[in-house]
J.: 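My structure is below; once you've seen it, I'll send some questions.
By convention here, the first residue in the shown sequence is residue 1. In each ligand, atom 1 is the first atom listed, and ligand 1 is the first ligand listed.
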Amino acid sequence: MDDAGVYALDNNLAIVQTIDVITPVSDDPYIFGQIVAANSLSDIYAMGAKPITAMVFLSFPVEKIEKEIIGKILKGLADKVKEAEAVILGGHTLKDTEVKCGLAVTGICDRNKVITNSNARIGDKLILTKPLGIGIITTAIKADLVPEETISEAHYYMCQLNKTAMEKMLSVGVNSATDITGFGLLGHALEMAKASRVDFHIYCHKVPMIEGAIPLAKEGLFPGGSVKNFLYLKEKVYFSSGVSQEWQMLLCDAQTSGGLLIAVSDSKAERLLKGLKEAGLRASAIIGEVAGEGGGVKVLP
Ligand code: CO
Ligand code: CO
Ligand code: CO
């Protein structure tokens, strides 16, 4: 049930491959390019792999978009891929009615150390490495309803690579991980709980949130994808009565380039959290635990 595929080359080495394509989540083409790259690289990092090469996919309305804008998107991609210490080998462009951009990424890892989303164990703590709120903020931006500082906070987190989180995860040794993207925290948590056949308990007041998302949630400015997530998940996830409607929705909010959700044994959790925070991932938090056998998610206040 992972988003990337793993192929063993020999007894030690495996390649991990993935592709992700998104439509613009920022008006700034350079920022958008960086977000595309961080988002596509994320599925490689979630498996504990190191990205090595990437191929670009870009489609756009050729008559309507200036070359300069395309150049800025490509510069954003190139700079992020460089920061990831990988290289862009080439790519493919296509005429389209709207802009779509993504990377197909290949990573490498020790085939015996692949981190999947199906190995969370009873007693594990759950750590989230980036705050939520990205989906609702990027939607509200289009309606001009978001203060500048909230916009730059959302951009900061979307551009942030999950590279450091992956490195800290490998150095401590964790049981399971996934990245939080389109299905929101609860969608990806449910996938992980099901694949691992365990129950997750998530404490809503411990989940990190970009503060500016909360007033937008009160206004109900969620994107269609987040509403769809909520309608699907409310049948499958147990919400305690102490969890407000806004927070139920926020936990289902579709993320672009979200953080990693990590299941780590109780004895290593505080060490990992400290390592993540010291490395600059300051929003990282322990948001819950693996409570027992099963395959469901319970949200508690
Ligand atoms: Co993923
Ligand atoms: Co993905
Ligand atoms: Co071609």
Side-chain angles (χ1 to χ4, degrees), residues 1-7 14-25 32-59 77 80-81 84 86 91 100-109 114-120 126-132 134-135 138 157-167 169-170 174-196 200 223 225-226 228-229 232-233 251-263 281 287 297:
M1 285 171 91
D2 283 288
D3 295 338
V6 183
Y7 182 83
I15 55 168
V16 180
Q17 292 193 298
T18 186
I19 181 162
D20 242 298
V21 176
I22 59 173
T23 54
V25 284
F32 173 58
Q34 293 179 69
I35 295 169
V36 168
N39 184 63
S40 296
L41 289 158
S42 181
D43 280 321
I44 300 286
Y45 290 131
M47 302 202 76
K50 178 185 157 30
I52 51 170
T53 62
M55 302 291 287
V56 176
F57 171 82
L58 175 62
S59 74
L77 286 173
K80 262 303 146 182
V81 170
K100 299 184 187 102
C101 187
L103 294 178
V105 188
T106 299
I108 47 171
C109 68
V114 178
I115 300 167
T116 67
N117 66 359
S118 57
N119 198 39
L126 299 171
I127 293 182
L128 180 64
T129 65
K130 287 186 194 178
L132 303 181
I134 284 167
T138 51
Y157 285 111
M158 283 192 281
C159 290
Q160 185 181 73
L161 291 175
N162 283 325
K163 179 175 189 280
T164 308
M166 178 277 281
E167 288 164 354
M169 195 160 78
L170 283 188
V174 306
N175 292 331
S176 201
T178 193
D179 63 333
I180 306 304
T181 51
F183 299 125
L185 172 67
L186 293 184
H188 292 281
L190 182 63
E191 235 176 24
M192 195 166 156
K194 261 194 198 162
S196 305
F200 282 6
S226 303
K228 242 190 220 164
N229 286 345
Y232 173 79
L233 289 164
L251 299 179
C252 297
D253 187 35
Q255 307 294 286
T256 301
S257 189
L260 298 186
L261 176 65
I262 304 167
L281 306 179
I287 62 163
V297 175

J.: Ignoring hydrogens and geometry, is there a side-chain-to-backbone donor-acceptor pair from K130 to Q160 under 3.5 Å?
T.: yes

J.: Main chain of M158, side chain of S257: is a donor-acceptor contact present, judged purely on distance under 3.5 Å?
T.: yes

J.: Working note: I287 + L185, criterion side chain to side chain contact (heavy atoms under 4.5 Å, CB included); need CA distance, chi angles, decisive distance, verdict.
T.: CA-CA 11 Å; I287 62 163; L185 172 67; 4.1 Å; yes

J.: Taking 2.8 Å as the upper limit, name the protein N, O or S atoms near the Co ion (ligand 1).
T.: D3 OD2, D43 OD1, D179 OD1

J.: Check salt bridge (Lys or Arg N to Asp or Glu O under 4.0 Å) between K194 and all other residues, then give those that pass, not counting sequence neighbours.
T.: none

J.: Among pairs that include at least one residue of residues 44-53, which meet side chain to side chain donor-acceptor pair (under 3.5 Å), considering only residues two or more places apart or in two chains?
T.: none

J.: Could you note down all residue pairs passing side chain to side chain donor-acceptor pair (under 3.5 Å) where residues 178-193 supplies at least one of them, sequence neighbours left out?
T.: S42-D179, T181-H188

